[in-house]
Amino acid sequence: MIHRPRRNRKSAVVRDMIQENHLFAANLIFPLFIVDGENQKVEVSSMPGIYRYSVDNLLREVENCMNIGLKAFDLFPAVEESLKDKYATESYRKGTLYLRAIEAVKQRFPEACVVTDVAMDPYSSDGHDGIVENGEILNDETLEVLGKMALAHAESGADIIAPSDMMDGRIGYLRDVLDTNGFTNVSLMSYTAKYASAYYGPFRDALGSAPKKGDKKTYQMNPANSREALIEAQLDMEEGADFLMVKPGLPYLDVIKLLHDNFDLPIAAYNVSGEYAMLKAAIANGWLSEQVILETLLSFKRAGATSILTYHAKEVIEKGWVK
């Protein structure tokens, strides 16, 4: 035999020498959940090792992460039911929990990268990403609320605003709002291909943000479709997106690769709560080795993602798997 591929696998040194994809701390974004109050750190029952933090403990957690080289964070608020309404007005009210959290992190750690979530569902009494009228999600009317939200985030110090609502035209609308108000340097990370997935359950448990009626299939994508993601990506790019995101990540590696191969913008993958929960459950039961975590994260890099939002971010650095 002339060709023996095993020669390139014969030792750790050789294997490392020809490794095609590498994962670094700089590729990771750590999602963090926020609750009101003081000295709160409450574990999410369906996500072992993941907590809801009050702002004081959030700052301690961010400091711990910064000390090990993890510097990008995506913040998500758990909003009390009494503060929710049809038009998600709590999302942009001055002094609200979320805005205070953004300000606190940026004031304490100006070098940190703070990503913020723009969508109505955490603040909506209907639990949807848009305004609901007679069972229909109103697209254009929702954009005005999203614009107020994005502007409030930018004023509070957000580095990257990530619209997760999947309303048509929202990237162009938000880009115009931000630019008109002098926030030309605030980036937009679009949830470009966000699927109507069953993998979001633990996240909705953490935030209490599940729809009160119906589902999200009229605005989130059909899991059976991939080429449709090209339409969404083309529109987002033309409207001014700085990043294109695929969510969930693991069941949609083909979509990550599809966007990577067709667009020059950075591609983000969201390794969502259900993916985290199923790996943690399998590891806890001894069915899988912890190495599946690193293998999963590498699969996103191999598919073409440059940024990975993952609840595993801190642990893979602490374990020394990622530097």
Side-chain angles (χ1 to χ4, degrees), residues 29-62 64-65 72-106 112 114-130 145-146 148-150 152-153 156-158 161-165 191 194 197 199-213 216 247-248 270-277 280 309-314:
I29 302 171
F30 193 21
L32 292 168
F33 299 125
I34 312 161
V35 292
D36 212 346
E38 295 182 3
N39 198 30
Q40 296 292 310
K41 182 181 177 181
V42 182
E43 189 169 33
V44 179
S45 60
S46 53
M47 300 178 70
I50 299 301
Y51 299 86
R52 304 177 188 91
Y53 297 98
S54 53
V55 174
D56 53 345
N57 279 332
L58 171 70
L59 293 176
R60 295 185 182 98
E61 179 66 1
V62 170
N64 291 337
C65 292
F73 309 91
D74 198 352
L75 306 182
F76 295 94
V79 180
E80 295 180 16
E81 285 295 323
S82 62
L83 297 174
K84 299 180 181 183
D85 63 31
K86 183 181 184 68
Y87 300 102
T89 54
E90 183 68 9
S91 67
Y92 54 84
R93 180 181 64 81
K94 289 191 182 299
T96 191
L97 167 65
Y98 196 53
L99 302 183
R100 286 189 282 112
I102 298 167
E103 291 172 355
V105 173
K106 287 303 295 183
V114 173
V115 183
T116 63
D117 179 58
V118 166
M120 285 180 59
D121 56 330
Y123 314 91
S124 167
S125 51
D126 293 301
H128 276 282
D129 296 61
V145 178
L146 302 179
K148 292 177 181 179
M149 199 184 308
H153 294 183
S156 299
I161 290 172
S164 63
D165 55 284
Y191 284 61
K194 182 179 181 181
S197 172
Y199 279 90
Y200 304 146
F203 178 92
R204 292 175 181 169
D205 175 41
L207 296 188
S209 60
K212 301 299 189 292
K213 289 183 181 179
K216 301 190 176 187
K247 179 183 181 184
Y270 200 143
N271 178 211
V272 300
S273 60
E275 299 168 44
Y276 176 89
K280 283 293 185 178
L309 293 86
T310 177
Y311 302 95
H312 298 291
K314 185 181 178 185

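Both backbone and side-chain heavy atoms feed into the values below; hydrogens, waters and symmetry mates do not. Given the structure is predicted, the values throughout are model-derived calculations rather than measurements.
- Listed by first then second residue, pairs satisfying ring-ring contact (aromatic ring centres under 6.0 Å, His included) with a partner in residues 82-105 read Tyr98-His153, not counting sequence neighbours.
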Exercise for the section: Apply side chain to side chain contact (heavy atoms under 4.5 Å, CB included) to the pair Val44 and Arg52, showing each step before the final yes or no. Expected result: CA-CA 7 Å; Val44 179; Arg52 304 177 188 91; 4.1 Å; yes

Exercise for the section: Apply the test side chain to side chain contact (heavy atoms under 4.5 Å, CB included) to residues Phe203 and Tyr311: give CA-CA distance (whole Å), side-chain angles for both, the deciding distance (0.1 Å), then the verdict. Expected result: CA-CA 11 Å; Phe203 178 92; Tyr311 302 95; 3.4 Å; yes

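- The distance from the OG atom of Ser273 to the CD1 atom of Ile50 is 10.5 Å, given to the nearest 0.5 Å.
- You'll find the side chain of Pro122 stays beyond 4.5 Å of the side chain of Phe76, heavy atoms only.
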Exercise for the section: Before giving the answer on side chain to side chain contact (heavy atoms under 4.5 Å, CB included), spell out for Val42 and Val35 the whole-Å C-alpha distance, their side-chain angles and the decisive distance to 0.1 Å. Expected result: CA-CA 9 Å; Val42 182; Val35 292; 5.7 Å; no

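- Note that the CZ atom of Arg60 and the CG atom of Leu58 stand 10.5 Å from one another [nearest 0.5 Å].
- The cationic group of Lys247 lies under 6.0 Å from the six-membered ring centre of Tyr200 and within 45° of the ring axis, placing it in a cation-pi geometry.
- Contact between Thr310 and Phe30 at its shortest, heavy atoms only, is O-CD1, 3.6 Å.
- In plain terms, the two heavy atoms of Ile102 and Ala158 that are nearest each other are CG2-N, 3.8 Å.
- What you find for Asp74 and Val115 is that their closest heavy atoms are OD1-O, 3.1 Å.
- Residue Leu32 holds its CG atom at 11.5 Å from CG of Asn57, rounded to the nearest 0.5 Å.
- By the side-chain contact (heavy atoms from CB on, under 4.5 Å) test, Glu103 pairs with Gln107, Ser156, sequence neighbours left out.
- The two residues Gly49 and Glu43 come nearest to each other via the heavy atoms N-OE2, 2.6 Å.
- Scanning for side-chain contact (heavy atoms from CB on, under 4.5 Å) contacts around Ala88 gives Ser91, Met120, Tyr123, Val145, with sequence neighbours left out.
- The minimum heavy-atom distance between His128 and Pro211, with the atom names listed, is NE2-CB, 3.7 Å.
- Heavy atoms only, all atoms of each residue included: Met149 and Val118 are closest at SD-CA, 3.7 Å.
- No donor-acceptor distance shorter than 3.5 angstrom exists from the side chain of Asp129 to the backbone of Ala119, with no hydrogens or angles considered.
- No side-chain donor-acceptor contact under 3.5 Å links Ser164 to the backbone of Asp117.
- One finds the CD1 atom of Ile34 at 13.5 Å from the CD atom of Gln40 (value rounded to the nearest 0.5 Å).
- Atom NZ of Lys280 is separated from atom NE2 of His312 by 6.5 Å, given to the nearest 0.5 angstrom.
- A salt bridge links Glu61 to Lys314: one of the charged nitrogens lies within less than 4.0 Å of a carboxylate oxygen.
- Contact check for Leu97 versus Leu83: no side-chain heavy atoms found under the 4.5 Å cut-off.
- Within the 4.5 Å cutoff, the side chain of Glu90 has no heavy atoms near those of the Asp85 side chain.
- Side-chain atoms of Leu59 and Val105, non-hydrogen and from C-beta on, do get closer than 4.5 Å to each other.
- Listed for the Ser125 side chain is no donor-acceptor partner under 3.5 Å among the backbone atoms of Lys84.
- No donor-acceptor pair under 3.5 Å is formed between the side chain of Asn271 and the backbone N or O of Glu275.
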